[in-house]
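Comments concern the structure below.
Since this is a predicted model, take the numbers as computed values, not measurements.
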Amino acid sequence: MHIGKGRMKNKEEEEPLSPMARVFQSPDIDICPIINIGFKTKINPDVVLDALRHNVYKHPRFSSKLSENGAKWIKTEVNVEDHVIVPYIDLEEICESGQSFVDDYCSRLTMTPLDRSRPLWDIHILNVKTADAEAVGVIRFNHALADGMSFISLVLACTHKTSNPNMLSTAIPSVKRRTTVPHSLEKTGWFSRVIFTIGSTMRLLWNTIVDVFLLAATLLFLKDTMTPLKGNANVRRNPRRFYHRTISLDDIKLIKNAMNMTINDVLLGITQAALSSYMNRQYLVSQEQDKKDELEDGSLLTSYLPDGIRFRAGCTVNLRSDIGFKPLAEMMEKDSKCRWGNYFSFIILPLSIGLETDPLVYLEKSKAIMDRKKHSYHAALAYLIIKIALKVLGAKAAVSVFNQHLLNITTCVSNVMGPMEEISFHGHPIAYISPSSYGHSQASLIHYTSYAGKVTITIGVDPTVIPDAHKICDDMEESLKTMKAVLSERGLL
């Protein structure tokens, strides 16, 4: 693990939490990411402990505990043995059921709170073989410590390239925010650019006004349709189960280029297609209809979906002025434009749920949704509302504002970009990275994580609401194949 030269620490022993961190650490929410990292070799616990002993003190968040009122970080001594758990595993008993053991173990963790008397993180080493790994490391921490981008920066600081163990993991493509003026207009006259800017500004203001109204309506009364994927107010107290599936990043890029859209657009299109197929089967079963029209691949010719389904997803948005990945030492600097922590907000995406005869329609709709949301200050204003509520009304009010939005929508989606090349942790090559979280007020969470030419889909669910979430993974995989096949048939690939 290499975090930076010298010891990085706060000038003061106490540091206030950011607004989103205050929300996440609240006992009324207590949201915790849980990341499964599959390794291609068995994990040596001594190597993990040694790395932590030499480096954990360099990171303020992982060597600090919360104050009693949850408003500040307090520097403390860390006994790494308290944070690394290696459970006894009877390999003969579990036989070929390694993945089931990991799933059950992680599910039990979601019902075991982190100890607030010490830093809010732990690592679980499961030396059990699964379908796609020889061993699994489970990292759990309170979301107050970091968001997805911060966690990936930590992963990069702790690992090296498998192809060159002497080189740190820095293989993440640079990311830049889109320019306001399209490339086609950059070389035109000033009058055309002025007209475009005026029109764009008017659309921006109008979209923002509409989004603020919908945000307020969601907070007060606007609820999603009660569907087989919609949980009730008590789902955050139930145990969670996590499922993951790996798909090809190259396939996603092929579709992206053919349809002239972004990777996020493609992922959202796949999500809409998969959720539509899954829900259609659920409504078919509930209506006890004849299954004669069921196709061999499990999809359905007839739509049993009710009309006018309101189905929305919360989507995380990075608020940092510099959205590219930076070395961890740079992110920890006080004046960094890409700071460590929770510098993100969310937008609410209205998903289109319905069976389409042309799978590319899902992609077109997802692009329209994302383009519309990108041209709005929705995310910044949502963050501002929580910040004002925290400052004026207190932490409980801010938590209530955040949680009420989650209660009234159906799911959340997130996409985190990981290393492009395979990486290793002290001689342990990583096979996949599968993050999710628990503590949310939704019955399902969908995460996409790119790593080494692949994308891992991770779905975290309340099994009392969604007992067969693996079928959603199947639908996502099938939707990607169908979209690629249609584009190929039409000569677009």
Side-chain angles (χ1 to χ4, degrees), residues 16-26 29-35 61 73 120 141-156 172 175-178 208 211-212 215 218 262-264 267-268 312-326 328 330-332 336-349 370 373-391 395 398-399 401-406 409 411-418 433 435-442 445-450 458 460:
L17 275 71
S18 68
M20 292 305 294
R22 287 289 303 275
V23 169
F24 289 144
Q25 66 77 37
S26 167
I29 292 186
D30 199 25
I31 295 177
C32 295
I34 182 167
I35 300 99
R61 294 291 177 271
W73 296 110
L120 298 175
F141 57 90
N142 190 282
H143 213 320
L145 271 69
D147 57 15
M149 184 174 181
S150 296
F151 173 75
I152 292 296
S153 72
L154 180 62
V155 169
L156 293 176
I172 286 188
V175 180
K176 295 181 180 180
R177 295 197 186 274
R178 289 182 173 183
T208 302
D211 285 342
V212 169
L215 202 61
T218 302
T262 68
I263 287 178
N264 284 339
L267 294 176
L268 185 62
R312 294 173 296 169
C315 179
T316 56
V317 177
N318 182 12
L319 293 179
R320 295 170 176 87
S321 57
D322 188 343
I323 61 174
F325 280 88
K326 301 294 180 184
L328 185 60
E330 186 175 331
M331 290 188 74
M332 297 303 298
S336 172
K337 293 182 179 181
C338 186
R339 290 199 66 189
W340 170 281
N342 286 283
Y343 294 95
F344 75 96
S345 183
F346 63 93
I347 56 177
I348 299 176
L349 303 175
M370 294 299 285
K373 288 295 180 179
K374 289 170 187 173
H375 206 60
S376 168
Y377 287 125
H378 182 162
L381 287 173
Y383 184 86
L384 182 62
I385 289 170
I386 291 175
K387 190 173 181 179
I388 291 173
L390 181 64
K391 185 171 291 187
V399 169
V401 168
F402 178 81
N403 198 42
Q404 193 60 40
H405 283 98
L406 298 184
I409 62 178
T411 188
C412 279
V413 294
S414 176
N415 177 29
V416 177
M417 183 171 53
I433 302 173
S436 190
S437 59
Y438 62 91
H440 296 265
S441 297
Q442 289 115 349
L445 295 172
I446 302 171
H447 288 77
Y448 293 97
T449 310
S450 62
T458 308

- Between Y448 and N264, is a side-chain contact (heavy atoms from CB on, under 4.5 Å) present by the stated rule, with each step listed? CA-CA 9 Å; Y448 293 97; N264 284 339; over 6 Å; no
Spatial distance of atom [atom1] ([X]) from atom [atom2] ([Y]) [nearest 0.5 Å]:
X    : Y    : atom1 : atom2 : answer
R61  : L154 : CZ    : CG    : 12.5 Å
I388 : Y383 : CD1   : OH    : 11.5 Å
W73  : L145 : CH2   : CG    : 4.0 Å
I35  : T458 : CD1   : OG1   : 10.0 Å
T316 : N342 : OG1   : CG    : 11.0 Å
S414 : L445 : OG    : CG    : 9.5 Å

Taking [Y]'s backbone N and O only, do any of them form a donor-acceptor pair with [X]'s side chain (distance below 3.5 Å, no angle check)?
X    : Y    : value
H440 : I31  : no
S450 : G418 : yes
S441 : L406 : no

Which atom names give the shortest non-hydrogen contact between [X] and [Y], and what distance separates them?
X    : Y    : answer
A389 : V401 : CB-CG2, 4.4 Å
V416 : G148 : CG1-O, 4.1 Å
S437 : P33  : CB-CA, 3.7 Å
A146 : F141 : O-CE1, 3.9 Å

Let's go through I409 and I348 carefully: what are the C-alpha distance in whole Å and the side-chain angles of both, what is the deciding distance for side-chain contact (heavy atoms from CB on, under 4.5 Å) to 0.1 Å, and is it a yes or a no? CA-CA 8 Å; I409 62 178; I348 299 176; 4.2 Å; yes
Inset, instruction - State, yes or no, whether a side-chain contact exists between H378 and L215 at a heavy-atom distance under 4.5 Å. - result: yes
Which is it for M370 and T262 under the side-chain contact (heavy atoms from CB on, under 4.5 Å) test, yes or no, and what are the steps along the way? CA-CA 9 Å; M370 294 299 285; T262 68; 5.8 Å; no
>> Tell me whether K373 at atom NZ has more than 12 heavy atoms from other residues, nucleotides or ligands lying less than 6.0 Å away.
In response: yes
task = Would you check if there is a donor-acceptor pair between the side chains of S150 and D147 at a distance under 3.5 Å?
result = yes
Ring pair (Phe, Tyr, Trp, His ring centres under 6.0 Å) filter on F24, not counting sequence neighbours, yields H143, F344, F402
